[in-house]
Amino acid sequence: MSAAAPFQRLVYYSRNEVDGDADALDAAIDEILSLSQRNNAQADVTGALLFNTGCFGQVLEGPRRAVEATFERIQRDPRHSDVTLLAFETTDARAFPNWSMAYVGAKPAQAVRYNEIAASSGFDPSRMTANRLLETLHGLAMEKEA
Amino acid sequence: MGKDFAQPPHFTPKDRPLSAHPLPLSEPAQAASAEPEAYLAALVELATPVLLADAGGRVSFVNRAATALLGCTAAPAIALDALFASCGVGGRIALPDGSAPQRFAQLKLSDGRAVNVEARLLPDGGAALTLTDVSAFVREAERARRDPLTGLVNRVTLHATLGRLLQAGKPLTLMALDLDRFKSVNDTLGHPIGDTLLRKVAERLGTVAEDGDVVARLGGDEFTILKPGSFTREQIEIIAKRIVDLVGRTYALEGHMIHIGASVGITQAPHDGSDNDVLMKNADLALYRSKAEGRGRYRFFEQKMDEQMQARRAIELDLRQALALQEFELAYQPQVDLATQEVVGFEALLRWRHATRGLVSPLEFIPVAEETGLIGAIGEWVLRTACRDAVQWPEAITVGVNLSPLQFRNPSLAQTVMSALASSGLAAERLELEITENALLEDTDTVLVLLKQLRDLGVRVSMDDFGTGYSSLAYLQKFPFDRLKIDQSFVRGMGANPEASAIVRAVAALGASLGIKTTAEGVETEEQLAAIRNEGCTHVQGYFTGRPMALADARALLVQPRKVAAIVEEHGL
């Protein structure tokens, strides 16, 4: 096999189970992000996380075992449920090469913005295909970068 | 390190003559003739690690082997506990006295080795301590306690822990768990992935377990969590829900997405019992019930589960003899063509007439037959008997035979059908096999292959109880069924709610456009007959057009063919 083995990409959405007010959500998201950014950087996993009122949407990409290990850790997290896998596939290139975990979406406490996020991103994961979610996350991450 | 080994004992008792100690020699005469220094030298060099302590618990002597084993040196006259502490030894031993001249303890050395220590009282009130490295045994015992695949404790350990807690009268909760669909993962993806999956399940269970909980793998895909302490049902429910949720979450393994589920059976001591075996059985019964109720759920044990299981077992025992005792019989229910009003077939219905039970409902014994695998032999008997009976009918009409989903697990199903046709001489197109959607739920592709084999023989295939399962229209696309049998619940519901009528109409229309016959089942009244005719069904089967009847009656019905009205007169309500 060549050194450029294909990456594995995993896309899912899940239901938010974080109890509490906007501050609690903020804290939970901060914690999730900082932990995943730290773990992912070590494991060579990149991706993006989107959060709105009810849902998490996430893309994970990297070496297969690392992606699987990361996903397994995420699966054990009681802060979300009803995890629906939209895609689990090999890919030649990462969509998020530069983000250990890009976060797209406003912090809940900063604004009553859940609906805005949903409106601006069209983020209704239950109606999305893996590609749409990927594109949405990618677009939002790029916007944020600009 | 070598330096430590080479060192002489750190200190020796100089203030007390060794001869004051009783010497462990069998021959007193020899003892008298030997020099005390010789004993001391021997003790120093003895391969067995030895320490001596005085009556005050201070260490007065440590031989070479003991120094090497402990791996550290000690200050003179240090207290035994202090010596152990300074050497990083975990655990302690109480020194022997008059009431207990011998004491034992197990210590843990700083390097992790386990050492048994035996202390014996000496006449001066001191003690002689001998050390034995038992690490290998401890490791071996630990290995024997654990399941090598997952590292969880095994059945033996679970039983021992459970027994200990129950004996001490402690309250506890036992949760038996097994995986839904694990077998198909093993079958389709192979055992290595199955094993990896079991390890992941074990890890997930580990995250649910709290301090003091025992998580065990009993073998296969069976796990048990033992939770010591007193918990309310509500508290346990939260945990059970979490287990079902967590274990049921998708796994990403070796590039595969794997979906399994968990069923949980729960029992609590002392509420449900206080005996090892009783509690394990309770948990199993509750687990069994939760699986029977649809998997991916949990159930608490109830006393009546035991009684129900006994009753079930009694049925199983009788069922095992039923074929040999010729207790099965077939009844035939007419199927009528609505266009010609003629009987165009009979469905063979299994009856079990037991010597003391009387007529046993299929609802009662078919599930037992399926669970025990007896359905294979019983199903074959039905098939062969129905073919033999049908061949004697004066008209070449069809005979419908039900196939259990379980019969599709047998790859030789087509051969069995072929053999039944050949030995009876029944034309293949007169046999109509009725299957339910459940047969297609698992291993759809395998079942479709079998169905095609059956179709190639020339037999007809109809879908039974249509509308009650998933009613996946995809199945209709994948296999050209000859007939859809609309479940009786819709026919019965037609009068009361318009939805039922709409469904009957839709299925009839679906059948018409696909060129599939539609039989309405459960027609009991003239109004229902008119209604299903109105909605476009092509055939009818029900009490109104003929109850299930004995073979002789079925034959008689055909000898003097009568129209529906006449049948109704004789057999209807």
Side-chain angles (χ1 to χ4, degrees), chain A residues 1 5-19 32 35-36 39-40 43-47 55-92 125-126 129-130 133-134, chain B residues 149-152 177 179-182 185 188-190 192-210 213 215 223 225 234-262 264 295-298:
Chain A
M1 288 298 285
F7 297 108
Q8 194 82 17
R9 179 182 296 141
L10 189 155
V11 185
Y12 76 84
Y13 72 86
S14 61
R15 199 166 54 173
N16 166 34
E17 296 285 354
V18 177
D19 282 337
I32 291 168
L35 187 72
S36 65
N39 287 333
N40 294 352
D44 194 22
V45 170
T46 58
C55 299
F56 289 101
Q58 194 167 24
V59 178
L60 298 171
E61 47 189 26
R64 183 171 58 71
R65 279 180 190 282
V67 167
E68 288 177 358
T70 303
F71 182 64
E72 179 62 22
R73 202 177 58 237
I74 290 168
Q75 283 291 54
R76 293 177 196 174
D77 196 323
R79 288 173 295 197
H80 68 162
S81 67
D82 293 345
V83 177
T84 303
L85 269 178
L86 294 174
F88 187 48
E89 62 204 5
T90 54
T91 172
D92 289 330
S126 61
T129 63
L133 182 57
L134 188 65
Chain B
L149 179 66
T150 60
L152 298 177
L177 176 151
L179 305 181
D180 308 326
R181 295 182 296 279
F182 176 71
V185 171
T188 55
L189 299 177
I193 289 188
D195 286 352
T196 309
L197 179 60
L198 289 172
R199 277 196 288 268
K200 285 282 174 274
V201 170
E203 285 174 23
R204 289 191 184 183
L205 290 177
T207 67
V208 183
E210 293 168 333
D213 291 359
V215 186
F223 296 84
I225 297 178
E234 290 70 30
Q235 287 172 312
I236 295 299
E237 261 177 38
I238 292 170
I239 297 166
K241 273 186 192 142
R242 173 99 182 107
I243 291 172
V244 169
D245 172 36
L246 190 63
V247 175
R249 292 185 177 193
T250 308
Y251 298 77
L253 290 182
E254 314 282 328
H256 302 281
M257 287 195 251
I258 298 173
H259 307 274
I260 54 166
V264 180
R295 308 176 167 194
R297 56 187 74 200
Y298 61 88

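Here is the naming used below: chain letters follow the sequence lines, and residue numbers restart at 1 for every chain.
Interface summary for chain A: among B:L246, B:D245, B:T250, B:V208, the most heavy-atom pairs under 4.5 angstrom belong to B:T250. Note on A:D82, A:V67, A:L85, A:T90: by heavy-atom pairs under 4.5 Å with chain B, the leading option is A:L85.
The contact between B:T207 and chain A is made entirely by side chain atoms (from C-beta outward), counting heavy-atom distances below 4.5 Å. Residue contact with chain B, scored on non-hydrogen atoms closer than 4.5 Å, involves the side chain of A:F71 exclusively. Using a 4.5 Å cut-off between heavy atoms, A:R76 contacts chain B through both its backbone and its side chain.
When the options B:R249, B:R199, B:R204 are evaluated for a salt bridge (Lys or Arg N to Asp or Glu O under 4.0 Å) with A:E72, the one that passes is B:R204. When each of B:L179, B:L152, B:T150 is tested with B:V201 by the rule side chain to side chain contact (heavy atoms under 4.5 Å, CB included), just one qualifies, namely B:L179.
Surrounding CZ of A:R65 are at most 12 heavy atoms belonging to other residues, nucleotides or ligands under 6.0 Å away.
Taken from CD1 in B:I258 to CZ in A:F88, the straight-line distance is 9.0 Å, to the nearest 0.5 Å.
Remark: the backbone N or O of B:E254 is paired with a side-chain donor or acceptor of A:E68 at under 3.5 angstrom.
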